[in-house]
Amino acid sequence: MWVGLAASDLLSLMRKKPVGILKRNARIAKSSKGGKPRRLTERAADFSKPDIKRGTPPAPPKPEPVLQEPRQYPFWTCQSEVDRQAAACLSKILASDANKRNGTTIKSLTLAPHIKAKKAVYAVTCQTLSYLPVIQQVLSKTTLLNVEQLRPAVAFVITYELLFGQGCRIKGKAEKAIFRLKAELQEYLQDVLNEAGVEHADELLSANIARDWPRTARVNLLKISVEEALAWLRSPPLSDQKLATLGSKATVDQLLPDVLLFPAGTDLHDHPLVNNGSLILQSKASCLPAHALAAQPGWQVLDACAAPGNKTTHVAALMGGKGSVLAFDRDPKRLTRLKANAAATGATNIVAQQADFLSLDLCSEELRDVRGVILDPSCSGSGTSHSRMDHLLPFKGQATAEQEAARLQSLAAFQTKALRHALNLPKLERLVYSTCSIHDVENELVVKAVLEEAHELGFQLVDPFPSWPRRGLPLLPGHHHLIRVGTAGLRGIMGFGFNRMNQVVVQQTTQGFCKYLQEQAGPKLATQGVAIGYDGRHHSKEFAHLAAAVFVSQNVRVHLFSEVVPTPFVAGAVTYKGCAGGIMITASHNPKQYNGYKVYWGNGCQIIPPHDVGIAAAIDAQTELWDLPSDVTSSELVKDPLHMVTQRYYYALQQDLSFRPRQDNCKAAPVVYTPLHGVGLPWVQKALPDPDFPTLTFPNPEEGPGVLDLAFATARAHGAKLVLANDPDADRFAAAEQDPQTGAWRIFSGNEIGILLAHWLWCCWRRDHMDNDPACVVMLASAVSSKMLQAMAQEERFKFDETLTGFKWLGHRALELQQAGFTPLFAFEEAIGFMFAGAPGSIKDKDGSSCCLC
């Protein structure tokens with residue numbers, strides 16, 4: 001969350017979650033009795049001092065001068081450097097996880113400066129953690145973990161390499177001890193699989209997280225300008241084609257001009273500009289506070305909880321290296337890392353000191369001229385659990401509800417105290433508060449706790465990013481000035497608990513959505529109802545029927561699909577039926593352990609602010625489960641829209657996308673199509689989806705090799721030169737073509753497919769509308785997608801529009817343009833999503849099935 005205080009401003013961000021800014025008015029607030037500004041906090045104790053005095057320990061007795069063999073290291077280590085470093089990281093991670101200590105993360109350990117082969121160490125560590133439950137079961141059937149010299153982490157890594165990895169070419173004592181039992185370990189593994197009723201160990205793993213977020217990197221303005229960085233990226237020294245290809249995909253963020261966006265999954269850790277400090281690997285959310293602070297060159301700024309220093313060095317860079325940034329951290333190790341980061345980035349105006357912020361005398365000569373504060377205190381870190389890969393950890397940071405509530409309250413008390421303390425700086429003008437938490441108790445409620453006192457001191461909440469879409473929860477006056485970072489909707493692993501997809505979560509979510517629709521779209525809800533669909537995943541039909549039962553319990557009509565459908569069909573049902581809203585139960589291209597809940601508003605588009613925040617608040621207020629009917633399919637309120645939607649959908653496709661005579665299609669070359677076990681094929685050739693995705697662990701066609709291997713083999717067998725694919729809910733589209741010279745398959749990127757489709761649609765539209773003004777046509781793309789469509793628009797004289805990432809933004813913008821009299825012919829984003837929205841009443845969401853017609 002963010003809060004910005006400018007002895008009058010506050011903002012709030014999430015994931016870096018909420019962000020808030022407080023800004024001070026021109027006058028300094030006086031106490032009611034006049035005189036000096038009122039102090040808000042008592043001085044905190046100096047926790048850095050020990051409670052008791054320690055005496056000098058006696059010198060140890062001198063050993064007898066006995067001749068002996070050179071002492072050997074008591075524990076066996078892995079002989080491979082990669083495995084040795086992975087085992088060391090794994091040991092620290094497991095110890096931290098078992099003790100519920102925050103701060104030690106997989107990435108921070110495996111990508112640390114002393115790790116030589118970062119990619120390999122990161123991969124082995126993550127893979128060992130993924131297979132750890134299986135490995136532990138296998139090793140429990142042996143006595144290996146009782147061997148004194150064999151540390152558990154070493155045993156785990158070597159067993160992973162033996163059973164699931166690439167083996168061990170170099171064998172020391174640890175490897176020999178484990179490989180000696182190779183046959184037994186493989187037999188025990190089979191026993192574990194048989195007991196679980198699965199064929200492969202992959203079926204027992206925790207699924208990974210969807211990789212939809214763009215990769216971000218901050219340009220270090222102390223070393224290089226944005227223009228120089230882009231020029232280097234696109235034309236690297238020695239004409240390195242690999243680096244040039246990567247650099248060609250870089251775009252500048254629309255909101256933060258020193259932040260570059262790369263496609264999701266881009267690995268920049270070994271990039272030359274990262275290695276020399278010109279690019280800083282930093283999330284967009286983490287870059288928001290420095291821009292929100294807007295410190296001027298020459299200011300004195302205080303970073304209260306500074307380490308590891310990304311925000312600190314960012315503030316220093318935005319100040320042009322002028323003025324000073326006072327950076328405090330009470331932990332000496334973290335402070336050392338902060339100083340190293342400052343040196344590496346060339347931030348010479350940072351003054352780093354070891355101190356407890358709460359113990360500082362804010363009226364001291366050192367601090368009395370501070371005008372800006374960055375406050376990012378310790379928090380639960382709940383907003384970054386996915387990026388930290390917490391789902392791989394044995395305990396996953398889980399605690400009982402009572403333990404978690406107590407922990408959050410303790411953190412919130414510290415955060416509130418720190419925020420109050422910072423407001424006492426005598427010349428403070430602006431303060432930014434941010435956390436990595438998703439919890440309102442650490443975000444909005446912390447701001448609320450100090451807001452009245454802040455007003456008395458002359459501060460007010462201000463909005464540093466007026467165009468930012470997501471806002472704070474309505475828990476305090478001025479919540480719209482706070483910002484949150486993240487996405488709306490639900491998606492997660494199916495299982496028990498409030499952080500999983502299950503019946504309770506689905507019912508509570510639907511209850512909140514229903515109440516919100518009753519408040520915001522009551523008449524339309526009463527007459528037109530809602531549309532609900534589902535894909536072919538495990539429990540999707542069950543969740544859809546449960547959601548329908550919630551609406552039926554409130555006497556609301558439900559257009560419930562009778563069988564699995566592509567995601568665009570729900571958007572179509574909302575549009576064609578004029579519904580107040582819609583729900584699609586799907587986890588898109590995530591692994592089989594996942595399911596999700598996608599929400600549509602009455603305009604047929606995915607929800608955007610303010611509805612996402614409003615629905616979230618309504619869900620929080622509807623946790624008591626309602627009494628529901630047992631069989632919704634027999635209710636008079638439930639109707640099946642499948643036939644009508646199918647007819648309207650295919651009629652629209654034939655009218656909008658069939659640009660060649662039907663007889664020409666018969667002459668086309670053979671094509672192989674794969675739905676990746678999903679719902680797409682029933683709409684091309686009648687079949688059923690497979691919820692287990694038996695040939696895939698990650699059914700995302702964007703992944704290319706591995707995902708499309710069976711399709712390539714089928715194409716070779718039938719002489720097909722083109723392969724088309726949809727993801728499991730058929731809203732994404734991929735394509736690959738066989739090279740006639742080499743026989744290799746070329747998988748097109750989302751940007752390449754987007755430009756090809758845009759060019760084809762434009763040529764066909766011009767052919768059929770020779771007398772129309774091209775300026776009436778609009779094509780759209782998201783900010784992270786290729787700029788080639790913009791160049792095409794300039795050349796062909798049609799309109800180009802760019803939105804934030806995601807089809808919820810593209811869909812809404814297309815609808816606005818259509819209502820303004822334009823023809824939004826096409827929209828795309830690089831994550832293989834494409835939308836054909838030219839006709840009135842067309843679906844305003846990405847649609848993978850329709851791409852096959854082009």
(message) Pair Leu144, Leu181 - check side chain to side chain contact (heavy atoms under 4.5 Å, CB included), show working.
(response) CA-CA 9 Å; Leu144 284 170; Leu181 300 177; 3.8 Å; yes

(message) With heavy-atom distances below 4.5 Å as the criterion, would you say the side chains of Leu625 and Gln508 are in contact?
(response) yes

(request) Specify the closest pair of heavy atoms between Lys171 and Gln79, including all atoms of both residues, with the distance to one decimal. (result) C-CG, 3.8 Å

(request) Check whether any side-chain heavy atom of Tyr131 lies under 4.5 Å from a side-chain heavy atom of Leu163, and answer yes or no. (result) no

(request) Answer yes or no: is there a donor N or O on one side and an acceptor on the other, between the side chain of Thr266 and the main chain of Pro263, under 3.5 Å? (result) yes

(message) Within this structure, what is the OG1-CG distance for the pair Thr128 and Leu94, rounded to the nearest 0.5 Å?
(response) 10.0 Å

(request) Could you tell me whether the side chain of Thr125 and the main chain of Val121 form a donor-acceptor pair under 3.5 Å? (result) yes

(message) Tell me the closest heavy-atom pair linking Ala307 and Arg334, and the distance in Å.
(response) O-NH2, 2.7 Å

(message) Main chain of Phe156, side chain of Thr159: is a donor-acceptor contact present, judged purely on distance under 3.5 Å?
(response) no

(request) Determine whether more than 12 heavy atoms belonging to other residues, nucleotides or ligands lie under 6.0 Å from atom NZ of Lys541. (result) no

(request) Measure the CE-OG distance between Met501 and Ser540 for me, rounded to the nearest 0.5 Å. (result) 8.0 Å

(request) Find the distance between CG (Asn276) and NE2 (His271) and round it off to the nearest 0.5 Å. (result) 9.5 Å

(request) Determine whether His269 and Val274 make a side-chain contact, defined as any pair of heavy atoms from C-beta on separated by less than 4.5 Å. (result) no

(request) Give the C-alpha distance, both sets of side-chain angles, the deciding distance and a yes or no for side chain to side chain contact (heavy atoms under 4.5 Å, CB included) between Leu246 and Leu268. (result) CA-CA 9 Å; Leu246 186 153; Leu268 297 170; 3.6 Å; yes

(request) Please test Lys141 against Asp191 for salt bridge (charged side-chain N to carboxylate O under 4.0 Å, His left out), starting from the C-alpha separation and ending with a verdict. (result) CA-CA 10 Å; Lys141 298 175 182 292; Asp191 291 341; 5.3 Å; no

(message) If we count only N and O atoms by modelled type, under 3.5 Å, do the side chains of Glu830 and Ser749 hold a donor and an acceptor together?
(response) no

(message) Strictly distance-based, threshold 3.5 Å: is any side-chain N or O of Glu442 a donor or acceptor partner for the main-chain N or O of Ser380?
(response) yes

(request) Could you tell me which non-hydrogen atom of Ala306 sits nearest to which non-hydrogen atom of Leu338, and how far apart they are? (result) CB-CD2, 3.8 Å

(message) A side-chain contact here means heavy atoms from C-beta on lying under 4.5 Å apart; do Ile158 and Asp83 qualify?
(response) no

(request) State whether Lys598 and Asp731 are salt-bridged, where the test is any N-O pair (Lys NZ or Arg NE/NH1/NH2 against Asp/Glu carboxylate O) under 4.0 Å. (result) yes

(message) Determine whether a donor-acceptor pair (N or O, by modelled atom type, separation under 3.5 Å) exists between the side chain of Thr336 and the backbone of Pro332.
(response) yes

(message) As an exercise, state the distance from OH of Tyr160 to CD1 of Ile178, rounded to the nearest 0.5 Å.
(response) 14.5 Å

(message) Taking Arg407's backbone N and O only, do any of them form a donor-acceptor pair with Ser410's side chain (distance below 3.5 Å, no angle check)?
(response) no

(request) Verify, without hydrogens or angle tests, whether Ser437 (side chain) and Cys379 (backbone) share a donor-acceptor contact under 3.5 angstrom. (result) no

(message) Is a donor from one side chain sitting under 3.5 angstrom from an acceptor on the other, for Gln166 and Glu161?
(response) no

(message) Return the CG to CG distance between Asn310 and Leu281, rounded to the nearest 0.5 Å.
(response) 9.0 Å

(message) Would you say that Cys89 contacts Ile115 through its side chain, given a criterion of any heavy-atom pair below 4.5 Å between the two side chains?
(response) yes

(message) Applying side chain to side chain contact (heavy atoms under 4.5 Å, CB included) to Phe748 and Arg746, what does each step give before you reach the verdict?
(response) CA-CA 6 Å; Phe748 296 101; Arg746 186 186 191 284; 3.1 Å; yes

(message) I need the Ile832 CD1 to Arg732 CZ distance, nearest 0.5 Å.
(response) 6.0 Å

(message) Between Thr435 and Asp376, is there a side-chain donor-acceptor contact under 3.5 Å, judged purely by atom types and distance?
(response) no

(request) For residues Leu162 and Cys168, determine if any side-chain heavy atom of one lies less than 4.5 Å from a side-chain heavy atom of the other. (result) no

(request) Decide yes or no for Lys173 and Lys176: does some side-chain heavy atom of the first lie under 4.5 Å from some side-chain heavy atom of the second? (result) no

(message) If I compare all heavy atoms of Val157 with all of Ala86, which pair ends up nearest, and what's the gap?
(response) CG2-C, 4.3 Å

(message) Assess the residue pair Trp76 and Val154 against the criterion (side chain to side chain contact (heavy atoms under 4.5 Å, CB included)); give the C-alpha distance rounded to whole Å, side-chain angles, the decisive distance to 0.1 Å, and a yes or no.
(response) CA-CA 8 Å; Trp76 298 338; Val154 173; 5.6 Å; no

(request) Please report the shortest heavy-atom distance between Phe262 and Ala217, naming the atom on each side. (result) CE1-CB, 4.1 Å

(request) For residues Phe164 and Leu189, determine if any side-chain heavy atom of one lies less than 4.5 Å from a side-chain heavy atom of the other. (result) yes

(message) So, applying side chain to side chain donor-acceptor pair (under 3.5 Å) with Tyr597, which one of Thr586, Thr510, Thr509 is it?
(response) Thr510

(request) Check His538, His539, His545 against Glu542 for a side chain to side chain donor-acceptor pair (under 3.5 Å) and give me the one that passes. (result) His539

(request) Using atom types as modelled and distance alone, determine if a side-chain donor or acceptor of Asn341 lies under 3.5 Å from a backbone N or O of Pro308. (result) yes

(message) Strictly below 4.0 Å, N to O, side chains only: are Lys333 and Asp331 in salt-bridge contact?
(response) no

(request) Would you confirm whether Asp440, through its side chain, and Asn443, through its main-chain N or O, come within 3.5 Å as a donor-acceptor pair? (result) no

(request) Ignoring hydrogens and angles, tell me if any N or O in the side chain of Ser91 forms a donor-acceptor pair with the backbone of Ala87 under 3.5 Å. (result) no

(request) Compare every heavy atom of Leu145 with every heavy atom of Pro152, then report the nearest pair and how far apart it is. (result) CA-CD2, 4.2 Å

